[in-house]
Amino acid sequence: MNLVKSSIKIFVVAIILLSSIFVSAQEKEKFKPTIKWNVRAQLWLRYSDLNEGSLVNGEPTSSYADVSLRRLRIPVTSQLTPKLYFYSIIGGNNHNFKSRNFPMRILDLYAEYAFSKAFEIGIGKSGWQGLNRWNVRSNKTLMGLDSPLFSLNTVNKTDDIGRVLGVWVKGQVGKIDYRLSFGNPIAVTNIPSGGVDFANNRPRIKTSSYVMYQFFEHESNKSAYPTGTYLQAKKVFNIGAGFQFQEKAMSDGDALLATTNLYDMKHWAVDSFLNLPLNNEGAITAYLGFYDYDFGKDYIRNVGANNPTSGGGSDFNGAGVAFPMIGTGTTWYTQFGYAFKKSKFLGYPMVIQPNIAIQSANWDALNDQMTVYDFTVNFLMDGKHGRKMSFGYQHRPIFDATTMNQKKYKGMFVMQYQISLK
């Protein structure tokens, strides 16, 4: 926590110094800078039916219950001048029984200058990338408990929880919202073996873009992290399309050898998002997206969020709660939720929002369709995301390591409490 306090002090001092410089330069505007901050955490109580052969601290384990800190975020932001904006987040993910130390670090740190509403430019470390709505989503306003994760398609391989250093332009022109990003991916040091993986070469620029058309109310583009659900607060319907491209991002061996095959990373996606308040004071939130991922020949990656295991795993999925989440091929993703009218529940004003999410993928490396289901019920105190209790169940497919066919399903139950100071 000393690191966190010191970092926050540095940010605040930097903001104050920058504020004095830019305000002096723009005295005619009589602008008073503002500084905003918050602390937000997501706590998990979970029971997992683990993949076969999983080890917990070296001991064979078939099921496991644990408590963890899924996410911690400390944002510090400032509108330094009418045109200059500063944004930062300190935080980390997945503090559990496997480590005494919590990996707190700077997740976002960038500045943006707005020439106009139609054209803004930014530089720094951020989630400003293209491809789809959920490339990096607002975890505070998620409708599904922890979904979607597959849209973070390079997570912790060549990025830091979806963030990279880079420059970008963005803006809103009429009903059109756009972003164009040029990212500098994190260098890979591990040499791929046993198949295509991220290449251990000089990182090439990752170019990405996303454009959407807004039919009803306009969404804010102040943050890189789109809202998951507005509940009854906003009428939104958008359609969008985007892409990502990185030259020589993948290889099937040591990328520095002439005999190794190199592959460009090429993705595109189309999607739509609806948030519709109803006359009965309820609201519908829905999403549908189609994604075409090309990482190179038969790339496949098993991911298990906040995985409680230390190794093992006899099926293709590997250990813990992992499943083939990301790969070369295509995937559909859909969400649907209904928010009931705010009413008293256990003595508290509450909005209850049941929802379902389905990812159905045709990955080239698998012989069967990969379909995972997420069921969640949110209890939002006073109808806001600041205090939210969520109960979720994930139904994930298990694939045989030899045949690459699906053999059965396993489940994971999670109770999450989200608390925000502001």
Side-chain angles (χ1 to χ4, degrees), residues 1-12 14-15 34-46 67-79 85-96 99 101-112 122 124-129 133-149 151-152 154-156 159-165 186 219-231 305-307 376 378 380-382 384-390 392 414-422:
M1 289 305 294
N2 289 333
L3 173 62
V4 175
K5 291 179 181 178
S6 299
S7 300
I8 292 176
K9 289 178 181 178
I10 292 172
F11 286 154
V12 171
I15 291 170
T34 58
I35 298 175
K36 297 181 180 179
W37 66 274
N38 199 1
V39 179
R40 185 177 70 256
Q42 294 174 343
L43 303 167
W44 272 22
L45 173 62
R46 172 176 59 177
V67 176
S68 62
L69 177 54
R70 178 68 175 101
R71 295 181 181 89
L72 177 65
R73 300 289 187 266
I74 305 174
V76 180
T77 67
S78 178
Q79 190 70 50
Y85 179 63
F86 173 84
Y87 186 95
S88 67
I89 294 181
I90 301 171
N93 287 7
N94 304 336
H95 182 45
N96 52 43
S99 175
N101 301 315
F102 184 51
M104 291 281 288
R105 57 193 183 275
I106 295 174
L107 297 179
D108 294 75
L109 183 62
Y110 66 82
E112 289 183 334
K125 182 183 179 183
S126 79
W128 279 108
Q129 298 185 57
R133 180 183 182 85
W134 301 136
N135 189 62
V136 185
R137 64 279 187 278
S138 164
N139 56 67
K140 177 182 179 180
T141 61
L142 282 176
M143 182 169 67
L145 179 69
D146 211 43
S147 185
L149 287 179
S151 59
L152 298 167
T154 62
V155 63
N156 295 338
D159 64 36
D160 184 11
I161 318 182
R163 283 88 165 170
V164 296
L165 292 164
I186 296 172
E219 295 186 90
S220 170
N221 69 343
K222 197 71 173 176
S223 168
Y225 313 116
T227 296
T229 175
Y230 290 101
L231 303 170
N306 195 14
N307 213 334
T376 307
N378 298 318
L380 298 102
M381 300 179 188
D382 202 31
K384 298 178 180 178
H385 291 280
R387 290 184 299 155
K388 179 170 65 176
M389 184 75 74
S390 300
V414 178
M415 181 182 74
Q416 174 182 280
Y417 181 60
Q418 176 169 285
I419 180 68
S420 179
L421 295 189
K422 294 185 177 181

### Query
Are the side chains of R40 and I419 in touch, meaning some heavy atoms are under 4.5 Å apart?
no
#### Entry: Nearest non-hydrogen partners of V39 and L72, listed with the distance
CG1-CD1, 4.1 Å
### Task
Answer yes or no: is there a side-chain heavy-atom contact under 4.5 Å between D146 and V414?
no
### Query
What is the distance from atom CE of M389 to atom CD of Q416, rounded to the nearest 0.5 Å?
9.5 Å
### Query
Could you state the interatomic distance from OG (S420) to CZ (R73), rounded to the nearest 0.5 Å?
12.5 Å
### Query
Considering residues at least two apart in sequence or located in another chain, which fulfil the side-chain hydrogen bond (donor to acceptor under 3.5 Å, both in side chains) criterion with K384?
none
### Summary
Shortest non-hydrogen pair, N96 vs N307, comes out as ND2-O, 4.3 Å
### Task
Heavy atoms only: give me the nearest S88-L109 pair and the separation to one decimal.
CB-CD1, 3.7 Å
### Sole residue of N139, N94, N306 in side-chain hydrogen bond (donor to acceptor under 3.5 Å, both in side chains) with R70
N94
### Query
Are I90 and M104 side-chain neighbours, meaning at least one heavy-atom pair lies under 4.5 Å?
yes
### Rounded distance [0.5 Å steps], CD in Q42 versus NZ in K388
7.0 Å
### Task
Give, for atom CG of N135 and atom OG1 of T154, the distance between the pair rounded to the nearest 0.5 Å.
8.0 Å
### Task
Just jot down the ring pair (Phe, Tyr, Trp, His ring centres under 6.0 Å) partners of H385, sequence neighbours excluded, or say none.
none
### Side chains of K125 and D159 in contact at under 4.5 Å (non-hydrogen atoms)
no
### Task
Side-chain contact test, heavy atoms from C-beta onward, threshold under 4.5 Å: evaluate it for P75 versus I89 and give yes or no.
yes
### Task
Have a look at S390 and tell me which of L142, L380, L145 forms a side chain to side chain contact (heavy atoms under 4.5 Å, CB included) with it.
L145
### Query
Looking only at heavy atoms, what is the nearest atom pair of R46 and A305, with distance?
NH1-O, 3.2 Å
### Query
Do side-chain atoms of R105 reach the backbone of P103 as a donor and acceptor pair under 3.5 angstrom?
yes
### Message
Rounded to the nearest 0.5 Å, what separates atom CG in L45 from atom OG in S68?
### Response
9.0 Å
### Query
Between W128 and N221, which heavy-atom pair has the shortest distance, and what is it?
CH2-O, 3.3 Å
### Message
Y85: which residues meet the ring pair (Phe, Tyr, Trp, His ring centres under 6.0 Å) condition with it, sequence neighbours left out?
### Response
none
### Backbone N/O of P148 and side chain of R137: donor-acceptor pair under 3.5 Å
yes
### Message
Run the side-chain hydrogen bond (donor to acceptor under 3.5 Å, both in side chains) test against R163 and tell me which residues pass, sequence neighbours left out.
### Response
D108, Y225
#### Entry: Heavy-atom check, side chain of L43 versus side chain of L69, under 4.5 Å
yes
### Query
Which atom names give the shortest non-hydrogen contact between E112 and K222, and what distance separates them?
OE1-O, 4.3 Å
### Query
Any donor and acceptor pair, going by atom type alone, linking the side chain of S78 with main-chain N or O of T34 inside 3.5 Å?
yes
### Query
Do the side chain of N378 and the main chain of M143 share a donor and acceptor less than 3.5 angstrom apart?
yes
### Query
Roughly how far, to the nearest 0.5 Å, is the CG atom of N38 from the NZ atom of K422?
6.5 Å
### Summary
Across all chains, not counting sequence neighbours, the salt bridge (Lys or Arg N to Asp or Glu O under 4.0 Å) partners of R133 are E219
### Message
Applying ring pair (Phe, Tyr, Trp, His ring centres under 6.0 Å), can you list everything that pairs with Y87, at least two apart in sequence or on another chain?
### Response
Y110
